[in-house]
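What follows is a set of notes on a single structure, which appears directly below.
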Amino acid sequence: MSAPSTLPELARAAGARRRLALSYELFPARSEASFDRLRETVAQLEATRPDYVSVTSRTGQENLSRVLELTEHVLRETSLRPLVHLTCTGSSRTQLELVIDALLDLGVRGILALRGDVTDAHRADEDEVPFARYLVELVREIERRRTAMLAGGRVSIGVAAYPRRHPESPTRRHDLEVLVSKERSGADFAITQVFFDPADYVDLVDRARDVGVRMPIVPGFVPATDPRRLHRLAELSGVHAPPELLHALESARDEAERRRIGVRWSVDLIRQVLDEGASGLHLYTFNRHEVALDVLEQIDLSRA
Ligand code: FAD
């Protein structure tokens, strides 16, 4: 089929493209064998034409070479755009500058600026970049320095947002103040932490708009099919899956039934959030395309 070249054809094509934003989160491979499987997952997800795929990273650039490997694969071997997660905790400004420069040199134009998780024992070094907000500022600073190289273009910067209170925050109000400050520092959009109640997302967006946040807040969803993963997620993020969902998954007869229950539950949640006006969805895939595709099959992305 030839590309649209007349105004009516362009209008028809634009109509067809007017749809919800779609993105997937992937984590870098840990071995050659898992990188082979990951390539297949990327190819399967590419077929659904997402707007970007995000590439997670660990704190302190522990797995930097694996992050770069996956990012390069996405850039060179697929038609996808990567959004690379970058965490600042445990890293100095100079180290982060090196990584940001390397990412921009590769052709990356999207960065999710994060602090990363810290343990209670963590003691920040004097030159550590302590919060995501300062990382956003650093990316913007480097972008300004490289304007000519970026052909005057911009780097798209995302940040994290929390429908439930961040475990270290004293109040949800404090979370909102942090979100406002990340937008003022130059963030373009936010992706949310997982949540299981649509009201939590709606409430976050309402309260964020009230305090002046204007950027899109994209809901992040975990396909809720694996109870062990949901328990682990609760440990890491403090966000607990509903007991009735956990019970249904844990008492399922087999893997196939667990998958049916989890997919149905996730589709229901996503539909409710989209009905509330969210501009798109971000799927935490845990590198499993099968479940992500099951979920996606039942979501109508064409409504605007
Ligand atoms: P910040 O926005 O810096 O906030 C961190 C904490 O400090 C909050 O409690 C905040 O209220 C508080 N705070 C912020 N600024 C100030 C200030 N000026 N004064 C006092 N307190 C302040 N982690 C990874 O390690 N790798 C990943 O790839 C990764 N990807 C993620 C993707 C998404 C979409 C999300 C939502 C989270 C992700 N995380 C990842 C987890 C994230 O790193 C943690 O939630 C982390 O604890 C906080 O990161 P942040 O960017 O929100 O930090």
Side-chain angles (χ1 to χ4, degrees), residues 21 23-30 52-64 66-68 70-71 82-91 96 99 103 108 110-120 122 124 128-139 156-196 200-201 204-205 207-208 211 213 215-222 232-239 278 280-287:
S23 52
Y24 300 109
E25 180 183 280
L26 299 167
F27 58 80
R30 296 191 180 118
Y52 60 89
V53 288
S54 81
V55 175
T56 69
S57 64
R58 298 220 204 108
T59 50
Q61 290 99 49
E62 258 178 65
N63 62 340
L64 181 61
R66 289 293 188 180
V67 173
L68 296 177
L70 175 56
T71 303
L83 173 79
V84 179
H85 298 204
L86 185 60
T87 58
C88 57
T89 192
S91 295
L96 289 165
V99 178
L103 291 174
V108 171
I111 292 178
L112 191 66
L114 300 153
R115 185 199 62 177
D117 281 319
V118 293
T119 60
D120 288 344
H122 178 77
E128 177 175 315
V129 174
F131 295 117
R133 173 197 168 173
Y134 301 114
L135 182 56
V136 174
E137 284 169 9
L138 181 59
V139 176
S156 181
I157 305 180
V159 290
Y162 298 89
R164 307 299 301 252
R165 183 178 57 79
H166 183 273
E168 291 165 52
S169 278
T171 60
R172 294 181 67 214
R173 172 83 200 177
H174 177 80
D175 273 341
L176 282 179
E177 283 161 10
V178 171
L179 191 60
V180 172
S181 76
K182 291 195 273 197
E183 183 172 23
R184 291 208 181 119
S185 294
D188 295 304
F189 66 102
I191 302 177
T192 74
Q193 180 60 283
V194 293
F195 59 94
F196 295 96
D200 289 338
Y201 172 78
L204 165 70
V205 174
R207 287 156 42 87
V211 297
V213 173
M215 61 186 168
I217 301 175
V218 181
F221 298 100
V222 52
R232 177 92 187 106
L233 209 65
E235 276 168 32
L236 289 173
S237 67
V239 183
L281 64 144
H282 182 70
L283 278 181
Y284 295 107
T285 67
F286 296 97
N287 290 3

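Keep in mind that what you see is a predicted model, and the values were worked out from it rather than measured. Numbering starts at 1 and runs along the sequence shown. Both backbone and side-chain heavy atoms feed into the values below; hydrogens, waters and symmetry mates do not. Whatever order the structure lists them in is the order used to number ligands and atoms, beginning at 1.
The Thr87 neighbourhood of ligand 1 comprises atoms 24 (C), 25 (O), 26 (N), with distances under 4.0 Å to a heavy atom of that residue. Those atoms of ligand 1 that come under 4.0 Å of a heavy atom in Glu168, given as number and element, are 9 (O). Counting atoms of ligand 1 from 1 in the listed order, those under 4.0 Å from a heavy atom of Leu112 are 32 (C). Each of the following atoms of ligand 1 lies closer than 4.0 Å to a heavy atom of Thr56: 28 (O). Shown in contact with Ala160 at under 4.0 Å from a heavy atom are these atoms of ligand 1, numbered in order with element: 35 (C), 36 (C), 52 (O).
Considering only non-hydrogen protein atoms, atom 38 (C) of ligand 1 sits nearest to Leu114 CD2, 3.9 Å. The protein atom (non-hydrogen) at minimum distance from atom 23 (N) of ligand 1 is Gly116 CA, 4.1 Å. In this structure, atom 48 (C) of ligand 1 lies nearest to the protein heavy atom Tyr162 OH, 3.3 Å. Atom 4 (O) of ligand 1 has Val178 CG1, 4.4 Å as its closest protein atom, hydrogens excluded (heavy atom only). Among protein heavy atoms, atom 11 (O) of ligand 1 sits closest to Ser169 OG, 2.7 Å. Taking atom 17 (C) of ligand 1 as the reference point, the nearest protein heavy-atom neighbour is Phe131 CE1, 3.4 Å. In terms of protein heavy atoms, atom 34 (C) of ligand 1 is closest to Tyr284 OH, 3.2 Å.
Note that NE2 of His174 is 11.5 Å distant from CG of Leu179, once rounded to the nearest 0.5 Å. Note that CG of Leu70 and OG of Ser57 are 11.0 Å apart. Values are rounded to the nearest 0.5 Å. Rounding to the nearest 0.5 Å places NE2 of His85 at 14.0 Å from OG1 of Thr59. To the nearest 0.5 Å, the span separating OG on Ser169 from CG on Asp175 amounts to 3.5 Å. From Asn63, atom CG reaches atom CZ of Arg30 across 8.5 Å, with rounding to the nearest 0.5 Å.
At least one N or O atom of Ala132, backbone or side chain, sits closer than 3.5 Å to an N or O atom of ligand 1. Close N/O approach between Thr59 and ligand 1 is not found [any backbone or side-chain N/O within under 3.5 Å]. At least one N or O atom of Asp117 sits closer than 3.5 Å to an N or O atom of ligand 1. Among the atoms of Arg115, some N or O lies under 3.5 angstrom from an N or O of ligand 1.
Partner of Leu86 under the side-chain contact (heavy atoms from CB on, under 4.5 Å) criterion, out of Leu135, Ile157, Leu114: Leu135 alone.
Taking the centre of each ring, Phe195 and Phe221 come in below the 6.0 Å mark.
Among all heavy-atom pairs drawn from Val53 and Leu26, the shortest one is CB-CD1, 4.1 Å. Closest heavy-atom contact between Val136 and Ala113: CG2-CB, 3.7 Å.
Sorted by first and then second residue, the salt bridge (charged side-chain N to carboxylate O under 4.0 Å, His left out) pairs with a member in residues 176-186 read Arg173-Glu177; sequence neighbours excluded.
Across the listed options His166, Arg58, His174, His85, His85 owns the non-hydrogen atom lying nearest to atom 32 (C) of ligand 1.
The shortest heavy-atom distance from Ser57 to ligand 1 is under 4.0 Å. Using a 4.0 angstrom heavy-atom cutoff, Lys182 counts as in contact with ligand 1. Within the 4.0 Å heavy-atom cutoff, Phe27 does not count among the residues contacting ligand 1.
The aromatic rings of Tyr134 and Phe131 are tilted relative to each other, their planes meeting at an angle between 30° and 60°.
Here the side chains of Glu128 and Thr89 are in contact, with some heavy-atom distance below 4.5 Å.
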